[in-house]
Amino acid sequence: MKKFLLLSTILITIIGCSVSKKPEFKYVDNIKVKNISMRNITLNADVIFENPNNLTGKLSIEDIHIFVDNIDVGVISSQEFDVPSKDEFAIPLQGTFSLSKIYKENKKGLLGNVLNAIIRDSINIQYQGVIKYHLGSFSYPYKINKEQKIPLQ
């Protein structure tokens, strides 16, 4: 029985030390308009994390909504992502959204918004949602709320 307790104590200590911190959400970067046409707009972004642990895991995207000038235009997606150990890494996100949704939500201000975007050569994009870290049965949600003006090029 003493050997079992000693072995259990050593095992718990090793596991406790190797998972000292959860992966850290750092920032959203490289928000860019990949393509813009008369009907659609395609956006790209990278979500940057750092994993200080020896253990890996997975990150999954959970309903990250995209807002263009405060109008919810849709949900962005990404495949489940493997988390590397002891490394900083980026999860690429991409979404294509219909400009007709912006028109339906804001019929009166559409012309003004289009003219402002042309004059400013930029639009206001906001990402809101959750990314979940999974390691076995353990999971931890990261709330994402990033707003940025991006150039239309």
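Computation of the quantities below employed the complete heavy-atom set of this structure, encompassing side-chain atoms and omitting hydrogens, waters and symmetry-equivalent molecules.
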>> List the residues meeting side chain to side chain donor-acceptor pair (under 3.5 Å) with S85, not counting sequence neighbours, and say none if there are none.
In response: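 For S85, no residue satisfies side chain to side chain donor-acceptor pair (under 3.5 Å) once neighbours in sequence are set aside.
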>> Would you say that I64 contacts V130 through its side chain, given a criterion of any heavy-atom pair below 4.5 Å between the two side chains?
In response: no
> Heavy-atom distance under 4.5 Å between the side chains of D72 and I66, does that happen here?
Replying inline: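 The answer is no, as the side chains (C-beta and beyond) never meet within the 4.5 Å cut-off.
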> Given the rule in the side-chain hydrogen bond (donor to acceptor under 3.5 Å, both in side chains) test, do E24 and N51 qualify, once you have shown the distances and angles that lead to the verdict?
Replying inline: CA-CA 6 Å; E24 177 186 347; N51 184 10; over 6 Å; no
> Quick one: CD on Q128 to NZ on K143, what's the gap to the nearest 0.5 Å?
Replying inline: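 Reported value, rounded in 0.5 Å steps: 10.5 Å.
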>> To the closest 0.5 Å, what do you measure between CD (E50) and CD (E88)?
In response: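 Here the rounded value is 5.5 Å.
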>> Please determine whether the number of non-hydrogen atoms from other residues, nucleotides or ligands lying under 6.0 Å from atom NZ of K26 exceeds 12.
In response: yes
>> More than 12 heavy atoms of other residues, nucleotides or ligands under 6.0 Å from NZ of K132: yes or no?
In response: no
> Is it true that Y133 and F49 have ring centroids separated by less than 6.0 Å?
Replying inline: no
> Are Y142 and Y140 an aromatic pair by the rule of ring centers under 6.0 Å?
Replying inline: yes
>> Please find the pair of heavy atoms, one from P23 and one from P52, that lie closest to each other, and give the distance.
In response: CA-CD, 4.2 Å
> At their closest point, which heavy atom of S60 faces which heavy atom of H134, and how far apart are they?
Replying inline: OG-NE2, 2.8 Å
>> With side chain to side chain contact (heavy atoms under 4.5 Å, CB included) as the criterion, how do V28 and I144 come out once you've worked through the C-alpha distance, each side chain's angles and the decisive distance to 0.1 Å?
In response: CA-CA 8 Å; V28 178; I144 306 297; 3.9 Å; yes
>> Applying side chain to side chain contact (heavy atoms under 4.5 Å, CB included) to T42 and Q94, what does each step give before you reach the verdict?
In response: CA-CA 7 Å; T42 301; Q94 180 173 331; 3.5 Å; yes
Under a 4.5 Å side-chain heavy-atom rule over Ile, Leu, Val, Met, Phe, Trp and Tyr, are [X] and [Y] clustered together?
{"X": "I48", "Y": "I76", "value": "no"}
{"X": "I131", "Y": "F138", "value": "yes"}
{"X": "L55", "Y": "F25", "value": "yes"}
{"X": "L135", "Y": "F89", "value": "yes"}

> Are D82 and T56 close enough, and set up right, to give a side chain to side chain contact (heavy atoms under 4.5 Å, CB included), and what steps lead you there?
Replying inline: CA-CA 7 Å; D82 291 326; T56 61; over 6 Å; no
> After noting the C-alpha distance and the side-chain angles of I61 and L93, does the key distance pass the side chain to side chain contact (heavy atoms under 4.5 Å, CB included) rule?
Replying inline: CA-CA 9 Å; I61 306 302; L93 302 177; 3.7 Å; yes
>> Check whether D46 reaches the backbone of A90 with its side chain - one donor and one acceptor, N or O, closer than 3.5 Å.
In response: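 Flag not set: sc D46 to bb A90 has no pair under 3.5 Å.
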> Would you say the side chains of Q126 and N145 form a donor-acceptor pair under 3.5 Å?
Replying inline: yes
